[in-house]
Amino acid sequence: MAVRPHPLPGALLALLLALTGLVALPSPARAATPVCALACDTLDPSKAQRDTFPVPDRTVNGRVVRLHVSDPDGMAWASIDGGTAGDAVWLDRSWDRGATWEGLLGRASVPGSWTGTRTLMHNITDPVGHRRGWIRACGDAAGVTCTDWVYPKVCDGTSCDGADPSTAAGDDTPVPATSLFGRAISLHVDHRSGMAWGVVANGGAGDEIWLDRSWDGGASHPEGSSLGRTSVPAGAASTRTAMFATRDPRGLLYGGAVRACGREAAHQEGSCTAWARPAPTRARAAADALMASYHTNEGWWQSSWWNSAVALTSVIDFAEQSGRHDYDWVIARTYEQNRGTFPAGGRGSDPIEGHFISRAIDDAGWWAVAWLAAYDHTGERRYLEEAVTITDYVHRYWDTGTCGGGVWWDRERTYKNAVTNGLYLWLTTSLHQRIGGDTVWGGRATAAADWYLASGMIGSSGLVNDGITAGCANNGQTVWSYNQGLAIGAFTQLWRSTGSGRYLDTAERLADTAISSPALTRGGVLTESCDLGTASCDDNQKQFKGIFVRHLADLADATGSARYGTYLAKQADSVWTTDRDTLNRLGQRWSGTVPNPSDWRTQASALGALTAAGRLAD
């Protein structure tokens, strides 16, 4: 309900408040739904990482109403000072640029003999719900006043809402214009800055143009409707909006979509272009779209445990290759929110027992890979230590009593397969390289390499099958790209560590076979068996190709081979030209054939291809 501190008729109260400079509420407030991002609504302000005052204080009958903001937390709280018992303070939060709001958030009254009080903290934006919010502080002391809304403009670096399109570094129209009563309505973007604007042409006085902005790919846009709405002036045939940003780093909102909409002066109906996202670079566009699916509150890509480790690795690889630090916070967030324990169903079908460990040995291994990438990127020792803890766990399932060695796939010791042993070989080698004076991990790596080469998992043609039988022979099961890639990467790293030519020869033989065999490559494009015909890859298989290209890029970097570099460039080109929509979403099939589903798993995998090609182009 609207706040009515005096029993006056609504119209009279609004007039009196307006005349005295106080704020009347033009719309009924709505009940608040708690928001969780880096923290949940109602956090105590004593836990704030920072206390800033980005908007001017307001005074009501001698009381000071102040809005406090902690940008590192993405939260705000309100205070009132210089008052008496019964004075009140609260927050308003709006999701539609101040048209309506959730009122009286955290409302607190000055108690007893005190002269002031404060609210609890509330989130300004809702990245999990893909909503960008405004927030303000309000106070009641025999009259009501509110501060300005904080952060009404989105800023991405130095680029902020409202900039003049004449300052754009580029002008591209990523989607076709739409026509309305002979008017051309077009969307324009400056890919470099991620800014967008709309243009109406071939029109007349009174025709309108505006932008809509959405943080969930166009599914909704309450905050971003009618941005920059402007009319064609008398005597002119066209006009344009100001520019608006498509990324809000402060609000942890990335991958914003925009469209241009217009209306002809004599008619009520309007028309809009398709939604689009800018593409500053191929890899950055893919990373932004991937991050739109990250659950900030829980610190993972929801519903797939090991896949989230691989997605995080893809983001870290992108950051390392590009030199950007937009998403460094994601590394720490994922680590801190997931290093504990979770019951079955909390992160997957199995319980997570702490340190990213579960009964699935290979699932744990993928997290160790992610933390080694995090250590390389940040230099933070805790990530290396986590990788050691996880790999120690994996090593517990190295068993010479069956088939002379190898790591079991699961705690029940039912299967020795290529993925678990490829991970173990890569991890032991990688730990040896990062731990000064190590002899333990290096010895385990060479023992694992000897066993892998003798195990029979590499078939006579140079393709890695899924695993070995109970009789210790190649089981002839499906050749998957990630098994091939892990082996390529592991033997490449062994060669870097030892200088032994047989390891490099093995890596090159596996790579040469993969890029020439129709089991993995069709028409020059990496192709899984589930990419063919009417087949569809499951949620695990959707990420296999990204793992392959990560390790092939390592071999290409080690050898300087133009052949591998050309192959990786082909993957990136095919992904970008045949496998991408206007929102920069990348699908399962890198050749663009159908059916071609897309989700965050396919996005992370394809990001790997774009990053790998960029790594070699640098």
Side-chain angles (χ1 to χ4, degrees), residues 97 125 127 130-134 149-178 184-201 208-218 220-232 238-262 272-292 318 322-327 576 580-585:
R97 301 178 67 84
T125 62
H130 307 291
R131 299 183 297 172
R132 183 175 184 274
W134 293 4
W149 297 102
V150 76
Y151 304 142
K153 290 184 177 182
V154 177
C155 289
D156 181 10
T158 59
S159 300
C160 294
D161 287 353
D164 191 326
S166 66
T167 65
D171 182 353
D172 183 50
T173 50
V175 293
T178 183
I185 298 163
S186 54
L187 175 67
H188 297 248
V189 300
D190 174 7
H191 290 293
R192 181 176 175 181
S193 67
M195 302 289 283
W197 65 100
V199 173
V200 59
E208 293 182 315
I209 183 72
W210 66 89
L211 285 182
D212 289 342
R213 177 169 59 199
S214 173
W215 301 107
D216 57 8
S220 65
H221 49 96
E223 176 270 339
S225 183
S226 297
L227 295 177
R229 192 175 190 123
T230 189
S231 300
V232 175
S238 67
T239 193
R240 63 189 181 187
T241 70
M243 294 197 296
F244 290 84
T246 57
R247 301 169 84 251
D248 181 13
R250 177 186 281 125
L252 304 183
L253 288 163
Y254 306 91
V258 286
R259 68 180 181 181
C261 300
C272 299
T273 67
W275 293 97
R277 287 173 172 147
T281 69
R282 291 177 172 185
R284 182 176 162 190
D288 281 347
L290 173 60
M291 281 305 304
F318 159 72
S322 66
R324 297 188 65 87
H325 297 280
D326 308 56
Y327 300 131
W576 194 252
R580 176 178 67 101
D581 66 14
T582 59
L583 295 175
N584 301 323
R585 295 178 298 200

| query | Is the count of non-hydrogen atoms from other residues, nucleotides or ligands lying under 6.0 Å from Arg324 atom CZ greater than 12? | reply | yes
| note | Heavy atoms of Ser159 and Ser193 approach each other most closely as OG-CB, 3.6 Å
| Minimum-distance pair of heavy atoms, taken over all atoms of Val189 and Ala196 | CG1-CB, 3.9 Å
| Would you say the side chain of Leu211 lies within less than 4.5 Å of the side chain of Leu187, judging by non-hydrogen atoms? | yes
| How far apart are the closest heavy atoms of Ser231 and Glu208, and which atoms are they? | OG-CG, 3.5 Å
| message | Does Arg131 form a side chain to side chain contact (heavy atoms under 4.5 Å, CB included) with Glu223? I'd like the steps, not just the answer. | response | CA-CA 7 Å; Arg131 299 183 297 172; Glu223 176 270 339; over 6 Å; no
| Rounded distance [0.5 Å steps], CG in Asp171 versus NE2 in His191 | 9.5 Å
| Any sub-3.5 Å donor-acceptor pair from Ser322's side-chain atoms to Phe318's backbone N or O? | yes
| said: How close do Pro278 and Ala285 get, counting heavy atoms only, and between which atoms? | reply: O-CB, 4.1 Å
| note | Residues Met195 and Ala163: closest non-hydrogen pair is CE-CB, 4.3 Å
| Given Asp161, which of Arg213, Arg247, Lys153 fulfils the salt bridge (Lys or Arg N to Asp or Glu O under 4.0 Å) condition? | Arg213
| Check: Arg97 and Trp149 side chains under 4.5 Å, non-hydrogen atoms | no
| field | Heavy-atom donor-acceptor pair, Thr246 side chain to Gly194 backbone, under 3.5 Å | value | yes
| query | Okay, side chain of Arg580, backbone of Trp576: is any donor-acceptor separation there less than 3.5 Å? | reply | yes
| Looking at Arg277 and Asp288, does any basic side-chain N land under 4.0 Å from a carboxylate oxygen? | no
| query | Would you say Asp248 and Trp215 make side-chain contact, with heavy atoms under 4.5 Å? | reply | yes
| query | With Trp197, which residues qualify under ring pair (Phe, Tyr, Trp, His ring centres under 6.0 Å), at least two apart? | reply | His188
| query | Between the side chain of Thr273 and the main-chain N/O of Ala260, is any donor-acceptor distance below 3.5 Å? | reply | yes
| With sequence neighbours excluded, residues passing ring pair (Phe, Tyr, Trp, His ring centres under 6.0 Å) with Tyr327 | Tyr254
| Student check: side-chain heavy atoms of Ile185 and Ile209 closer than 4.5 Å | yes
| request: May I ask you to test the Asp326-Met291 pair for a side-chain heavy-atom distance under 4.5 Å? | output: no
| said: Against Arg259, only a single residue in Asp212, Thr178, Thr582 fulfils side chain to side chain donor-acceptor pair (under 3.5 Å); can you say which? | reply: Asp212
| message | Does any part of the side chain of Thr241, heavy atoms only, come nearer than 4.5 Å to the side chain of Leu227, both counted from C-beta? | response | no
| query | Does any non-hydrogen side-chain atom of Thr167 lie less than 4.5 Å from one of Met243? | reply | yes
| Asp156/Arg284 salt bridge by N-O under 4.0 Å criterion | yes
| note | Between Cys155 and Pro249, the two heavy atoms sitting closest are O-CD, 3.6 Å
| request: Compare all side-chain heavy atoms of Arg240 with those of Ser166 and state whether any distance is below 4.5 angstrom. | output: yes
| Within 45° cone of Tyr151 ring axis and under 6.0 Å: Arg250 NZ or CZ | yes
